[in-house]
Structure formats: C-alpha cells, structure tokens
Amino acid sequence: MENLKSKVIIITGASSGIGEAAAKLLAQNGAKLVLAARREERLQTIVNEIEQAGGEAAYIQTDVVSLEDMQKLAQFALEQYGRIDVLVNNAGIMPNSFLNELKVEEWDQMIDVNIKGVLNGIAAVLPIMREQKFGHIINLSSVAGYEVHPTSAVYSATKFAVRAISEGLRQEESPSSNIRSTIISPGMTDTELFNTISSPAIQAMASQMKSMAISPYSIARAIAYAINEPDDIGVNEIVIRPTVLK
Ligand code: NDP
C-alpha cells in the first residue's frame, strides 16, 4: 500500500463502524487522517489509539448535515496538513421502516445525512481539489443502492442517489480536473448502523441477519485499495457483500 503513505484523508462518520476501521487501516499504512463525526469522545479515543500505534490523526466534531460544519472540516484539514487528497463521505444512518408507518421525520433525517451530507462534503472540498488539480472523493452507497426491500424504500432511495451523484461527479470532474470518484457499496456489515432503526420489530429482523454480517475491515480494505491505486486509475465502483447472501 505504498501510495497511501502521507496521503491526507478526511473520513466522515469516523466515530464507529466502517469509518473507524478505515481510519485505523489507512493510518497503519502511513496516511494522515482527519476524522469527523458528532460524538467527540469516540473520535478522541480513536485518535489516541491511532497515535499510540504510531499513526497520525486529528479530529473535529462535525455534523454532515451542516454545510458550515463541512467547510470548517475542510479548512481544519488544510490547516493541519496543507492539502486534501481524499474525502471519504461515509457518515450514514438507516432507520428503516414501512412507508405506511409515516415516519416522516426519519425520512427527512435519512435524506439530510445520507444525501445532503454527501453533497455538503462535495461542496466543501471540490473547490479545494480543483485548485490543487488532484483529489479523490469516495462515497459510501450500499447494496441497498441497487435493490429495494420492504422497509428499505427511503434508505435505498438515498443510496441510489449517492450512486447517481458519484457517477455525475466522475463524468464531470475526472477528465478535466483529475479528481477521482469512487462508490463503495457494502452489504450487511457488523457495525452500529442497525441501532438507528427505531422499530423494535424491524430491529429484531435485522439482528437475525447480523450473524452473517462481514467485518467493517473488509470494507476498509476496499477503501484502501481504491485510494492506493495509481492516480491514473479510477476505481469507480466496488460492491462487497457476505458470500452467503444472494
Ligand atoms: P455506524 O452506525 O457504525 O457508523 C455511522 C457513522 O455515521 C457514525 O460514525 C456516526 O457518528 C456518523 N454519523 C451519523 N450521522 C451523522 C451526522 N449527522 N454527522 C456526522 N456523522 C454522522 O454504521 P456503518 O459504519 O455501517 O455506516 C457507515 C456507512 O456505511 C453508512 O453510510 C452506511 O449507510 C453504509 N453502509 C453500511 C452497511 C452495513 O451493513 N453496516 C451496509 C451498506 C452501507 P456520530 O453518531 O458520532 O455522528
């Protein structure tokens, strides 16, 4: 993983799950990490763990729903390390429910975090990356970005949107500005994501499937692979799911 060395990488949603695993794996391979999420204590602990293992990382409390917070995050990364090589738009929530339950507040939250959060990330770093004439934006979609199941309509809609935005970004920016765009689409992964489901019955259904879930490090390895490829190679899309799931 030679190309990861000294790359400046921002990860949103770095306080648990896939974001935490990616931060630790990338730092182990010599990247300089900027971690963002709302839970400050968790971020501080992860930064301490990375530093104790000999890596380099900093954090700033960030709500991806706020464009101002995302712009502060980008400025913070520039102040710390002088440039931004990669943004991993990883923060996400999945409060699945049946449409007829009309959990409209949760629909709004999913749209805000999963779609607007990604757009805010792009808005915060794109001008910087265009000026640098290099950069890489990695967006977390999902296998739910390809398929819909009962209870997943709104979550799937947000993840379909993430794929559309990432592909648009690739087509507009890769040829002219040298900015790479990658979609990472995990299947069931063992993280705290299922805690965002408010319905006990749907949580119980999800928990039954959890025994098949793969490690967040399997997704972190895919993120590391996409970043590590040489600059003239765009890894556009990776789907990773438990082998046993159809
Ligand atoms: P986790 O719940 O473990 O992590 C989600 C992260 O998002 C947390 O760090 C949380 O931090 C952060 N987050 C949530 N809301 C906000 C916000 N408003 N502002 C900033 N950060 C926020 O779940 P995963 O690691 O599984 O999720 C990571 C990504 O992977 C998500 O986009 C998810 O949709 C996607 N994914 C996950 C799958 C799975 O099976 N686990 C499958 C497919 C895709 P905090 O609460 O501290 O802000």
Side-chain angles (χ1 to χ4, degrees), residues 10-25 33-47 59-70 72-73 87-96 105-106 108-121 124 138-149 152 154-163 165-166 182-198 203 205-220 222-223 237-242 245:
I10 300 175
I11 304 182
T12 68
S15 58
S16 61
I18 293 168
E20 175 180 352
K24 289 179 173 169
L25 182 68
L33 272 299
V34 178
L35 310 188
R38 293 165 305 173
R39 287 171 294 174
E40 206 170 353
E41 264 179 41
R42 297 277 288 258
L43 293 174
Q44 180 66 69
T45 303
I46 295 164
V47 166
Y59 79 87
I60 178 168
Q61 190 180 37
T62 307
D63 184 341
V64 298
V65 177
S66 157
L67 176 59
E68 200 188 334
D69 270 20
M70 290 303 285
K72 279 188 191 154
L73 167 63
L87 167 66
V88 185
N89 273 320
N90 165 72
I93 56 171
M94 191 190 67
N96 283 355
E105 277 182 20
E106 293 185 351
D108 283 346
Q109 285 164 5
M110 272 188 277
I111 290 164
D112 281 349
V113 177
N114 298 0
I115 303 179
K116 285 193 194 158
V118 167
L119 288 170
N120 286 341
I138 299 180
N139 295 324
L140 269 287
S141 179
S142 170
V143 295
Y146 296 84
E147 52 193 59
V148 184
H149 299 286
S152 86
V154 179
Y155 179 71
S156 289
T158 66
K159 293 302 186 179
F160 274 67
V162 169
R163 289 184 52 233
I165 292 162
S166 308
T182 301
I183 305 163
I184 303 282
S185 292
M188 168 117 6
T189 308
D190 189 7
T191 70
E192 297 173 21
L193 191 69
F194 304 88
N195 300 350
T196 60
I197 301 172
S198 61
Q203 257 230 36
M205 260 162 50
S207 301
Q208 277 179 356
M209 308 272 291
K210 233 182 156 182
S211 60
M212 288 179 264
I214 53 181
S215 157
Y217 280 93
S218 54
I219 315 303
I223 293 171
E237 188 152 15
I238 305 178
V239 182
I240 312 128
R241 50 157 74 82
L245 286 180

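Order of listing sets the numbers, starting from 1, for every ligand and every atom in it.
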Side-chain donor/acceptor of D69 to backbone N/O of D63, under 3.5 Å: yes
of all protein heavy atoms, closest to atom 1 (P) of ligand 1 is S16 OG, 3.5 Å
Under 3.5 Å, side chain of S141 to main-chain N/O of K159, donor-acceptor pair present? yes
Strictly distance-based, threshold 3.5 Å: is any side-chain N or O of Q203 a donor or acceptor partner for the main-chain N or O of I197? yes
Could you tell me whether some N/O pair between T189 and ligand 1 is separated by less than 3.5 angstrom? yes
Please tell me if the side chains of P95 and M110 come closer than 4.5 Å, counting only heavy atoms from C-beta onward. yes
Whether the side chain of S166 engages the backbone of V162 through a donor-acceptor N/O pair (distance < 3.5 Å, no angle test) should be reported. yes
Would you mind checking which non-hydrogen protein atom is closest to atom 5 (C) of ligand 1, with the distance to 0.1 Å? G92 O, 3.7 Å
What protein heavy atom is closest to atom 43 (C) of ligand 1, reported as residue, atom name and distance in Å? P186 O, 3.1 Å
Whether the side chain of D190 engages the backbone of A213 through a donor-acceptor N/O pair (distance < 3.5 Å, no angle test) should be reported. no
Show the atoms of ligand 1 that are less than 4.0 angstrom away from any heavy atom in G17. 3 (O), 25 (O)
Do the non-hydrogen side-chain atoms of L33 and I46 ever get within less than 4.5 Å of each other? no
for atom 23 (O) of ligand 1, nearest protein heavy atom and its distance come out as T191 OG1, 3.3 Å
I'd like to know if G117 contacts ligand 1, where contact means a heavy-atom distance under 4.0 Å to any ligand atom. no
Could you go through the side chain to side chain donor-acceptor pair (under 3.5 Å) check for S16 and R39 one step at a time? CA-CA 9 Å; S16 61; R39 287 171 294 174; 3.2 Å; yes
So which protein heavy atom does atom 33 (C) of ligand 1 come closest to, and at what separation? Y155 OH, 3.7 Å
So if I count the atoms of ligand 1 from 1 in the order they appear, which ones are less than 4.0 Å from some heavy atom of M188? 40 (O)
May I ask you to list the atoms of ligand 1 that are less than 4.0 angstrom from any heavy atom of F194? 40 (O)
So between G145, G187, A91, whose heavy atom ends up nearest atom 42 (C) of ligand 1? G187
Got a donor-acceptor contact below 3.5 angstrom from the K116 side chain to the Q109 backbone? no
Shortest protein heavy-atom distance from atom 46 (O) of ligand 1, along with the residue and atom involved: R38 NH2, 2.9 Å
A222 to I238 - nearest heavy-atom pair and separation: O-CD1, 3.8 Å
Given S141, A144, A220, which one has a non-hydrogen atom that is nearest to atom 44 (C) of ligand 1? S141
Side-chain (N114) to main-chain (I93) donor-acceptor, under 3.5 angstrom: yes
Any donor-acceptor pair under 3.5 Å from S156 side chain to A144 backbone: yes
Closest protein heavy atom to atom 9 (O) of ligand 1, given as residue, atom name and distance to 0.1 Å: S15 OG, 2.8 Å
Find out whether the Lys NZ or Arg CZ of R42 is both under 6.0 angstrom from the six-membered ring centre of Y59 and within 45° of the ring's axis. no
D63 heavy atoms, cut-off 4.0 Å: which ligand 1 atoms fall inside? 17 (C), 18 (N), 19 (N)
Is any N or O atom of V65, backbone or side chain, closer than 3.5 Å to an N or O atom of ligand 1? no
Residue-ligand contact K159/ligand 1, heavy atom below 4.0 Å: yes
If you measure every N/O of V64 against every N/O of ligand 1, is any gap under 3.5 Å? yes
Contact between A21 and ligand 1, counting heavy atoms under 4.0 Å? no
Under 4.0 angstrom from ligand 1, any heavy atom of R42? no
T62 to ligand 1, any heavy atom closer than 4.0 Å: yes
Closest contact, heavy atoms only, K210 versus T191: NZ-O, 3.0 Å
Which is closest to atom 37 (C) of ligand 1 in terms of heavy atoms, L193, N90, T196? L193
Protein heavy atom at shortest distance from atom 12 (C) of ligand 1: G13 CA, 3.5 Å
Under 4.0 Å from a heavy atom of I18: which atoms of ligand 1 are those, numbered in the order shown and with their elements? 25 (O), 26 (O), 30 (O), 37 (C)
